[in-house]
Amino acid sequence: MTDRVSFWERIGFRSVGGIAEAGWGRTLVVAVVSFIYFLPVLFIIFTAIKPQALALSVPPTLSPTSFFGLIPDQFVFTPTLDNFASVFSRVMTAGGQPESTGFDRFFFNSIVIASASVLLALVIGTLAAYGFSRYPLRGNDTYLFIILTTRMLPAIVVIIPVILMFRAMGLSGSYLGIIMLYTAFNLAFTVWMMKSFFDELSTDIEDAARIDGSSEIKVFFKICLPQVIAGLAATFVFGLILTWNEFLFALLLTGPDTRTVPVAMNQAVSSGGRGTDWTLLAAIETLFLVPVFLATFFLQDHLLRGVTFGTVRK
Amino acid sequence: MQLMSTIQSAKTAPALLKLSADNWRFAVLVGLVVSALAVVTLPASGSFWVVGAISALVAAAFAVNAYRRRYYGGLLVAPAIAVLFVMNIFPLLWSLGLSFFAYQSNLQSIRFVGLNNYIKVLTDEVAAPGNWNALINTAMFAVCTVSAQMIVGFLLAMLFAKQFPLRKYLLILVLTPMMLSVVASGVFFTYYYDPTFGILSYVINSVAGGQFIVMDSKAGAVAGIVFADAWMWSPFVMLLVLAGLVSVPKYLYEAAAIDRVSAWRRFWSITFPYIRGLLMLALLFRTIEAFKLADLVIVLTKGGNDTMTISYHLIRIANEQNKTSEGAAISYIILFIVIVLTNLYLYVANPKNREA
């Protein structure tokens, strides 16, 4: 039999694996799937630019444009940026001065807390993962398992002693406390994930470098670390996402000065007893999405390049 | 004077470190005595910092010792263990202790009751009964959402496992659901499912011509929660599997192509070994998270229609009814279950165990 190319293969469905090239056929299929997957998010983003009066209209308004006539006129609304403005400052009724909602501060807090704790966890966790992978201790698996258990318990139980401890140390409401706590919570994932990447690397090059007289530190920074950049990027993104959205600890352990967006979002939306303010919620959510979205987007090249670029594996 | 003492301490710190590294047993002993004194004499906020500084010094001494003896493993792992101990393991032990006492966070009384909390919880004597029911529900949710996430995540990863035009831009679309705040997107799912103004109901109404209330029956409520959860977290599985898929060396496939290996065989012998570790990691972390499923349930059904999960049950017992120690007992029962499950996973995932 000669090379018979089936219909599926011709449009891009070759067997999975490696980073082989596929054509525009694959792009088309994936675009449709991705778009359907993205629809609920798109709806939230569109709600953010919807006039408040149309938030609960029946039939639901769907889109700011008709997409070249694809969407009937009854589902189309005129976009507005008012909701984004009212995230940061609300105009008082009876024509008063705009009142600050403090959301600029909350966004700043979220960014500082999430990035500091994820980076800290990445540094500490990567070192630990390298240690676990290359210099196994006695009872290595037990240590790894203990690290994993720290993620297993529902947060509600750990929180009571943590609150007591923070109060005693004067850490509640401070950046240091919540950053350390999030660092600890990211560590379990970081260690396990980075270990699985280090385990996959071949130790031949490292041993060769050691024979040539490289120090252990040089072996780590010059040989191992460059090979796991994809893993670092993936771990960073996961950690960022999990920390960015954390609600319970932030609710109970941040003060007015260190409050993060998820907590403030909950308060801003459900206050006043008038039910959910859909357009405001959507606007906050959309703004909330932007930093993580950008971080993920710019780290994607590392996520997808493949772990082994020109290196030998086990 | 202030300056002098600062310079003095800056000079003494390395000397102190060297001294304690040389005689680390003595250092630990002195540290213990000084910490005990500090705890007794100083107020809590002060003694915490004194104990912290002493532990840091002892830890540094250990580190110097470990480096001298080329004990790199311990040196690398120590910082992580230290952070985890202070922020996680210590609180965990504290709440384990709490589970043997009768303690209510709104009352100051505390009394040792041994295993009573566990017996109460297991025989369903807590004021809000339904522990077993909540546990069964949680197991059902875990099975449904984790399998849905694994399947959807795996299929999505297969789609993205090639280099094709615009791949970068399409991937970010699929990753976005994971970035949404769980509470906020949960609130939006109530919107989608809402019988009067929700989109899903509108579509069903205009296609099928009848009013449809998703959250009205148990099956519907479960499906609604599972759908929302699986939608949010399938990208997590996808990204992990994808990281495994793109790391498979291309030459293996080229070799397989020369040998005319069947697609199925190619998957099992080349692709699967490379993604097995990451697949297990995804399964492990998603199962652990599934046992913690609470916020979506709170937002979507408030536990109605028999969708109470054990985590939400726990929040109600520990937080709203102030039965802290019963809550701690329940959570250690969950921990036990998850540990058993995790060990099973790890046993299956570790190829060494299966060859033996």
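A, B, ... follow the sequence lines: proteins, then strands. Residue 1 opens every chain. Values below: all heavy atoms of this structure, side chains included; hydrogens, waters and symmetry mates excluded.
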May I have the list of side-chain donor-acceptor pairs in residues 30-41 of chain A shorter than 3.5 Å, sequence neighbours left out?
residue: A:Ser34; atom: OG; partner: A:Val30; partner atom: O; Å: 2.7
residue: A:Tyr37; atom: OH; partner: B:Trp231; partner atom: O; Å: 2.7

Discussion item. For the aromatic rings, using the six-membered ring if either is Trp, is the centroid distance between B:Phe285 and A:Trp192 under 6.0 Å?
Written reply: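 Not close enough - the centres of the two rings lie 6.0 Å or further apart.
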
Practice prompt. Examine B:Tyr191 together with A:Trp278 and report whether their ring centres are nearer than 6.0 Å.
Written response: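 Yes.
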
Fill in: Under 4.5 Å from any heavy atom of chain B - which part of A:Phe293
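Answer is both: backbone and side chain atoms of A:Phe293 are under 4.5 Å from chain B.
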
Atom pair [atom1]/[atom2] of [X] and [Y] - distance to nearest 0.5 Å:
X	Y	atom1	atom2	value
A:Leu289	B:Leu180	CG	CG	5.5 Å
A:Asn245	B:Ser185	CG	OG	8.0 Å
A:Thr27	B:Arg167	OG1	CZ	10.5 Å
B:Leu240	A:Ser196	CG	OG	8.0 Å

Practice prompt. May I ask you to decide if the ring planes of A:Phe43 and B:Phe188 are parallel, tilted or perpendicular, using 30° and 60° as cut-offs?
Written response: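 It falls in the perpendicular class, over 60°.
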
Item to complete: Please report the closest heavy-atom contact between A:Arg26 and B:Ala161, naming both atoms and the distance.
Response: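 In this case the closest contact between A:Arg26 and B:Ala161 is NH1-N, 4.4 Å.
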
Worksheet entry | Minimal non-hydrogen separation, B:Ala184 against A:Met265, with atom names |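 That closest heavy-atom pairing would be CB-SD, 3.8 Å.
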
Output side-chain donor-acceptor pairs under 3.5 Å for residues 78-90 of chain B, partner residues at least two apart or in another chain, one line each.
none

